[in-house]
**Student:** 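This is the structure I want to talk about, given as structure tokens.
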Number of protein chains: 2
Amino acid sequence: MTIDRSAALPDLDQRRVGTSDVRLPPSVLLEGTSGRILREALLLFAEQGFHGTSIRDLAHACQIRSATLYAHYPSKEHVLAELVRIGHEAHHARLVGAQGRDSVERLRTVVREHVLAHAEYPLLAVVSNNELHALSPEMAAPAMLLRADGRQLLMDIINEGISEEVFDVPDAFLAVTAISGMGMRVANWYGSGVPYSPEQIAETYADFALRIVGAA
Amino acid sequence: MTIDRSAALPDLDQRRVGTSDVRLPPSVLLEGTSGRILREALLLFAEQGFHGTSIRDLAHACQIRSATLYAHYPSKEHVLAELVRIGHEAHHARLVGAQGRDSVERLRTVVREHVLAHAEYPLLAVVSNNELHALSPEMAAPAMLLRADGRQLLMDIINEGISEEVFDVPDAFLAVTAISGMGMRVANWYGSGVPYSPEQIAETYADFALRIVGAA
DNA sequence: GTCTATAGTAAGATAGAC
DNA sequence: GTCTATCTTACTATAGAC
């Protein structure tokens, strides 16, 4: 049998991110030049990386002179730190806010929120996930704490389901890494002409997570 | 009930990569200065990114002068391109080489190889996955083709299992993204004192993949 | 807050000796 | 192949006028 590889998948996997749609959570004030800088930095850092974007690139995108940036942020690193803070706080808040009556429902809602955060704000997620190394350890520390707490939250749900014998999973830790990893990667491909809504992806990934833990 | 979050997970999620263990596939010649450059670039590009690593950083790590680099590679971008080529060709060869008597076994082996490639060569995988944006579209093109073909290979296996009614999955495309995504992320956390062998992770992730497609 | 101008440093890459 | 020396450009950030 000849495999027909012409049955095309959507064109995934751009070099870095699948959309140019600049979006930030509604809680973020985007007015004035500070907001403008944040929005343009989001796109540039996502597409080119922090070190691949110069102060002049960023200023040009904002239609200001590079010196003007320093009236709003003390350094380029502080702009990244602000984006990373916004991304991690929004993501963490979604995880913590996920509710459910039992382990199955808690896992479903937390995975849904995890995936939604990555599909609704892919640029922010790419910057948050892939540019952490460009922050000093001190400036990255708050984000690292939120990440660790989010992982633990997922681990607790899975352990709870195991102890109640609702879940049947070969390894709880690897289930955490698998479930969180598959959700994180959504940020890199979503948007590029992919015919799914964030909700559809989140629902299906939540089903996958329940299958991984043996609850479906 | 109070959730005990002190039941610690392994310390995952370094800023970028969980190991400093420089490894390249055995097919790669590492002798001489060219090999030395490749090995040092692998570590630096993985930890700091391509744009975060200067020609002088790289030369210093190799204990040579920066001008000497140009006797071995025509530009810094060519060094990255070579690492990206090695990473993608090794990964793709493993996928293509994965055999199996039926859909279940084919999925199991291809996921195992996918995960092994990321766990055995995490630095190479991080560079291959996260630094593609630093290559020009022309220099990134060969890698993009291998990526697309690998995805299609996975898609074909899943479609085959569905048509044989061995798999029961809500969405084949999202199964592809989930399975490949969870495996890719392994490169970012494996190594940091994680008490699993690459084989253990690969086996468990292969189980997860079979669960995702409803075959387990 | 925004500008012009520029300081001071670091970047990628090349020339030419050995 | 490796070096010293250097070119040219680009970088982050600051000074000071308006």
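Chain letters run A, B, ... following the sequence lines, proteins first and then strands; every chain starts at 1.
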**Student:** Please work out which of the three classes, parallel, tilted or perpendicular, describes the rings of A:Phe173 and B:Tyr196, given edges at 30° and 60°.
**Tutor:**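 Answer is parallel, since the angle falls under 30°.
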
**Student:** If you measure only the distance, is there a donor-acceptor pair under 3.5 Å linking the side chains of A:Thr177 and B:Tyr190?
**Tutor:**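 Absent: no donor and acceptor within the cut-off.
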
**Student:** Take the protein atom CZ of B:Arg36 and the nucleotide atom P of D:dG1, then report the distance between them rounded to whole Å.
**Tutor:**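 Rounded to whole Å, this separation is 16 Å.
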
**Student:** Assign A:Ser34 to base, sugar-phosphate, or nothing according to its heavy-atom contacts below 4.0 angstrom with the strands shown.
**Tutor:**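 Counting heavy atoms under 4.0 Å across all strands, no contact is made by A:Ser34.
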
**Student:** Would you indicate what A:Ile64 reaches in the nucleic acid, counting non-hydrogen atoms under 4.0 angstrom: base, sugar-phosphate, or nothing?
**Tutor:**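 The answer is sugar-phosphate, as A:Ile64 gets under 4.0 Å only of primed atoms, P, OP1 or OP2.
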
**Student:** Counting side-chain heavy atoms from CB outward, which of C:dG1, D:dT4, D:dG1 is closest to B:Ala67?
**Tutor:**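 For the B:Ala67 side chain, the nearest candidate turns out to be D:dT4.
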
**Student:** Nearest to the A:Ala71 side chain among C:dT14, C:dT2, D:dC3, which nucleotide is it?
**Tutor:**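 The listed nucleotide nearest to A:Ala71's side chain is C:dT2.
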
**Student:** Would one find a side-chain N or O of A:His51 under 4.0 angstrom from OP1 or OP2 of D:dC11?
**Tutor:**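 No, outside the criterion.
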
**Student:** May I ask you to decide whether A:Glu131 forms a salt bridge with A:Lys76, counting only side-chain N to carboxylate O separations under 4.0 Å?
**Tutor:**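 A:Lys76 and A:Glu131: not salt-bridged.
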
**Student:** Using whole Å, what does the distance between atom P of nucleotide C:dA11 and atom CG of B:Asp57 come to?
**Tutor:**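 Value for this atom pair: 6 Å.
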
**Student:** Could you check how far CG of A:Leu69 sits from P of D:dT14, rounded to whole Å?
**Tutor:**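 One finds 12 Å between P of D:dT14 and CG of A:Leu69, rounded.
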
**Student:** Write down the distance between CD1 (A:Ile55) and P (C:dA5), rounded to a whole number of angstrom.
**Tutor:**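 Nearest whole value for this atom pair: 20 Å.
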
**Student:** Just how far, in rounded Å, is C1' of C:dG1 from CD of A:Gln63?
**Tutor:**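 So the CD-C1' distance, A:Gln63 to C:dG1, works out to 16 Å.
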
**Student:** To the nearest 0.5 Å, how far apart are CG in B:Leu80 and CG in B:Leu135?
**Tutor:**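 With rounding to 0.5 Å, CG (B:Leu80) is 4.0 Å from CG (B:Leu135).
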
**Student:** Between A:Glu203 and A:Arg112, does a side-chain contact (heavy atoms from CB on, under 4.5 Å) hold up when you go through it step by step?
**Tutor:** CA-CA 6 Å; A:Glu203 281 297 324; A:Arg112 186 159 41 201; 2.2 Å; yes

**Student:** Would you say C:dA10 has OP1 or OP2 under 4.0 Å from some side-chain N or O of B:Arg56?
**Tutor:**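 The answer is no; no side-chain N or O of B:Arg56 sits under 4.0 Å from OP1 or OP2.
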
**Student:** Please tell me if A:Tyr70 has a side-chain N or O lying less than 4.0 Å from either OP1 or OP2 of D:dA13.
**Tutor:**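 Yes, within the criterion.
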
**Student:** Determine the contact category for A:Thr68: base if any of its heavy atoms lies under 4.0 Å from a base atom, sugar-phosphate if only primed atoms, P, OP1 or OP2 are that close, otherwise nothing.
**Tutor:**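 If one applies the 4.0 Å heavy-atom cut-off, A:Thr68 turns out to touch a base.
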
**Student:** Among C:dT4, C:dG12, D:dC11, which is the nearest nucleotide to the side chain of B:Lys76?
**Tutor:**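 Nearest nucleotide to the side chain: C:dG12.
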
**Student:** C:dG1, OP1 or OP2 - any side-chain N/O from A:Thr33 closer than 4.0 Å?
**Tutor:**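 For C:dG1, neither OP1 nor OP2 has a side-chain N or O of A:Thr33 closer than 4.0 Å.
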
**Student:** Taking the side chain of B:Ser54 as its heavy atoms from C-beta onward, which of C:dG12, C:dG1, C:dA13 lies nearest to it?
**Tutor:**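 When the side chain of B:Ser54 is considered, C:dG12 is the closest of C:dG12, C:dG1, C:dA13.
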
**Student:** What is the distance from CD1 of A:Ile37 to C1' of D:dA13, rounded to the nearest Å?
**Tutor:**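 These atoms are roughly 14 Å apart.
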
**Student:** For the pair made of OH in A:Tyr73 and P in C:dG1, what is the distance, rounded to whole Å?
**Tutor:**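 Atom OH in A:Tyr73 sits about 11 Å away from atom P in C:dG1.
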
